[in-house]
Amino acid sequence: MAVGVFDSGLGGLTVLDAVSRRLPEVPFVYFGDNKHAPYGVRDADNVYDLTTHAVEKLWDEGCDLVILACNTASAAALRRMQESWIPEDKRVLGVFVPLIEALTERQWGDNSPPREVAVKHVALFATPATVSSRAFQRELAFRAIGVDVEAQPCGGLVDAIEDGDMILAEALVRSHVEALKRRMPHPEAAILGCTHYPLMQEIFQDALGADVKVYSQANLVAESLADYLQRRPEMLGAGQASGFLTTGDIQSVSNKATQFLRRKIEFRAAEPAASI
Ligand code: DGL
């Protein structure tokens with residue numbers, strides 16, 4: 001039994017950390033497509049090709065269920081994958097829906113019509129590709145009415161985090177928050193709509209102010225996965241071992257991951273998608 005966790009790079013480690021704490025008996029296989037990160041500046045077809053390649057590699061590792069711990073892939077590719085690409089015996093789940101269910105105070109799978117919710121002004125921070133997909137607004141509209149969403153594309157932030165340049169990352173967070181606040185001076189809630197951003201959560205909170213509730217995905221996704229596996233235990237695949245795969249430089253990715261998670265992480269090589 002193993003479950004796959006996919007991200008364009010290192011950001012999905014925030015989700016991996018939360019799911020492995022919540023489900024310590026489940027082996028997880030992580031795939032970071034570091035060679036092609038960041039995805040946030042790529043077009044939807046390109047994100048689809050890269051994501052499907054990575055998910056196939058996780059299926060080869062015995063993971064019948066794969067979590068796209070990447071908002072950009074969830075926003076730009078998941079719907080298309082679910083409509084026409086995923087075989088009957090496999091599942092791919094994204095990271096958007098658990099977050100939106102939390103924001104709109106819904107239980108998993110509550111498909112009742114959209115209704116008014118307590119929060120009215122929501123700030124969304126995400127990659128340029130996620131913002132331009134409008135996937136967040138689309139999923140929100142299925143569940144809530146009367147919510148004003150102001151989205152801020154946080155150009156450069158994923159690169160700074162992947163490079164380990166936390167001084168630049170902090171400056172970028174502060175300037176993106178300022179830019180958003182010029183358009184929405186008093187958000188009640190803020191969504192960190194990229195798995196890299198929880199690594200900067202304290203800075204987001206500080207820049208936004210203590211009265212803004214900051215939602216980040218890792219724990220919400222972990223709860224939602226635990227609930228899913230309780231209902232669908234057959235989706236635990238045949239894989240037996242945890243592991244870390246990267247299309248990037250093994251040594252440097254392992255070092256950064258060790259730094260992020262504050263425990264020793266050793267990646268092995270994964271074949272990158274051809275000709276992209
Ligand atoms: N961490 C990913 C996300 O959640 C992707 C960031 C990127 O590769 O641009 O959106």
Side-chain angles (χ1 to χ4, degrees), residues 4-19 30-55 66-79 81 92-100 123-139 151-165 168-169 172-173 176 190-201 204 214-222 224 244-248 253 256-257 260-261 270 272-273 276:
V5 177
F6 164 74
D7 186 51
S8 58
L10 296 172
L13 291 173
T14 56
V15 173
L16 178 85
D17 201 33
V19 292
Y30 186 85
F31 186 116
D33 191 9
N34 299 75
K35 180 170 191 246
H36 299 110
Y39 278 16
V41 292
R42 294 175 178 273
D43 68 34
D45 283 344
N46 194 201
V47 172
Y48 176 85
D49 291 342
L50 293 169
T51 305
T52 49
H53 171 84
V55 169
V66 174
I67 311 294
L68 295 190
C70 175
N71 290 271
T72 307
S74 302
L78 182 57
R79 180 167 277 233
M81 289 164 72
V92 179
L93 303 176
V95 283
F96 263 48
V97 171
L99 183 79
I100 292 174
L124 169 68
F125 297 93
T127 66
T130 298
V131 170
S132 68
S133 75
R134 296 189 58 84
F136 179 83
Q137 287 90 331
R138 184 187 67 219
E139 292 295 334
Q152 175 66 28
C154 297
L157 185 51
V158 167
D159 292 271
I161 295 171
E162 288 276 322
D163 291 346
D165 188 343
L168 176 61
L172 286 168
V173 169
H176 287 306
I191 306 291
L192 303 189
C194 170
T195 48
H196 285 68
Y197 301 174
L199 295 163
M200 306 303 294
Q201 184 154 349
F204 272 104
V214 176
Y215 287 81
S216 83
Q217 288 161 320
N219 291 335
L220 297 169
V221 171
S224 172
F244 293 85
L245 300 169
T246 179
T247 55
V253 171
K256 282 180 198 156
F260 283 162
L261 290 191
I276 293 175

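Indexing begins at 1, ligand by ligand and atom by atom, following the structure's order.
Aromatic ring pairs are classed by plane angle as parallel below 30°, tilted from 30° to 60° and perpendicular above 60°; the pair H53 and F31 is perpendicular. Ring geometry for Y30 against F244 counts as tilted: the plane angle lies between 30° and 60°, on a 0 to 90° scale.
Residues forming a side chain to side chain contact (heavy atoms under 4.5 Å, CB included) with P153 (at least two apart in sequence, or on another chain): P128, V131. Among residues two or more places apart in sequence or in another chain, the side chain to side chain contact (heavy atoms under 4.5 Å, CB included) test is passed with A218 by A18. In this view, T246 and N34 satisfy the side-chain hydrogen bond (donor to acceptor under 3.5 Å, both in side chains) rule, not counting sequence neighbours.
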**Request:** For T195 and N71, run side-chain contact (heavy atoms from CB on, under 4.5 Å): C-alpha distance rounded to whole Å, both residues' side-chain angles, the deciding distance at 0.1 Å, then the answer.
**Result:** CA-CA 7 Å; T195 48; N71 290 271; 4.0 Å; yes

N/O to N/O under 3.5 Å, ligand 1 against protein:
{"residue": "ligand 1", "atom": "1 (N)", "partner": "D7", "partner atom": "OD1", "Å": "3.2"}
{"residue": "ligand 1", "atom": "1 (N)", "partner": "T195", "partner atom": "OG1", "Å": "2.8"}
{"residue": "ligand 1", "atom": "1 (N)", "partner": "H196", "partner atom": "ND1", "Å": "2.7"}
{"residue": "ligand 1", "atom": "4 (O)", "partner": "N71", "partner atom": "N", "Å": "2.8"}
{"residue": "ligand 1", "atom": "4 (O)", "partner": "N71", "partner atom": "ND2", "Å": "3.2"}
{"residue": "ligand 1", "atom": "4 (O)", "partner": "T195", "partner atom": "N", "Å": "2.9"}
{"residue": "ligand 1", "atom": "4 (O)", "partner": "T195", "partner atom": "OG1", "Å": "3.2"}
{"residue": "ligand 1", "atom": "8 (O)", "partner": "S8", "partner atom": "OG", "Å": "2.6"}
{"residue": "ligand 1", "atom": "8 (O)", "partner": "Y39", "partner atom": "N", "Å": "2.6"}
{"residue": "ligand 1", "atom": "9 (O)", "partner": "Y39", "partner atom": "N", "Å": "3.2"}
{"residue": "ligand 1", "atom": "9 (O)", "partner": "G40", "partner atom": "N", "Å": "2.7"}
{"residue": "ligand 1", "atom": "10 (O)", "partner": "N71", "partner atom": "N", "Å": "3.4"}
{"residue": "ligand 1", "atom": "10 (O)", "partner": "T72", "partner atom": "N", "Å": "3.1"}
{"residue": "ligand 1", "atom": "10 (O)", "partner": "T72", "partner atom": "OG1", "Å": "2.7"}

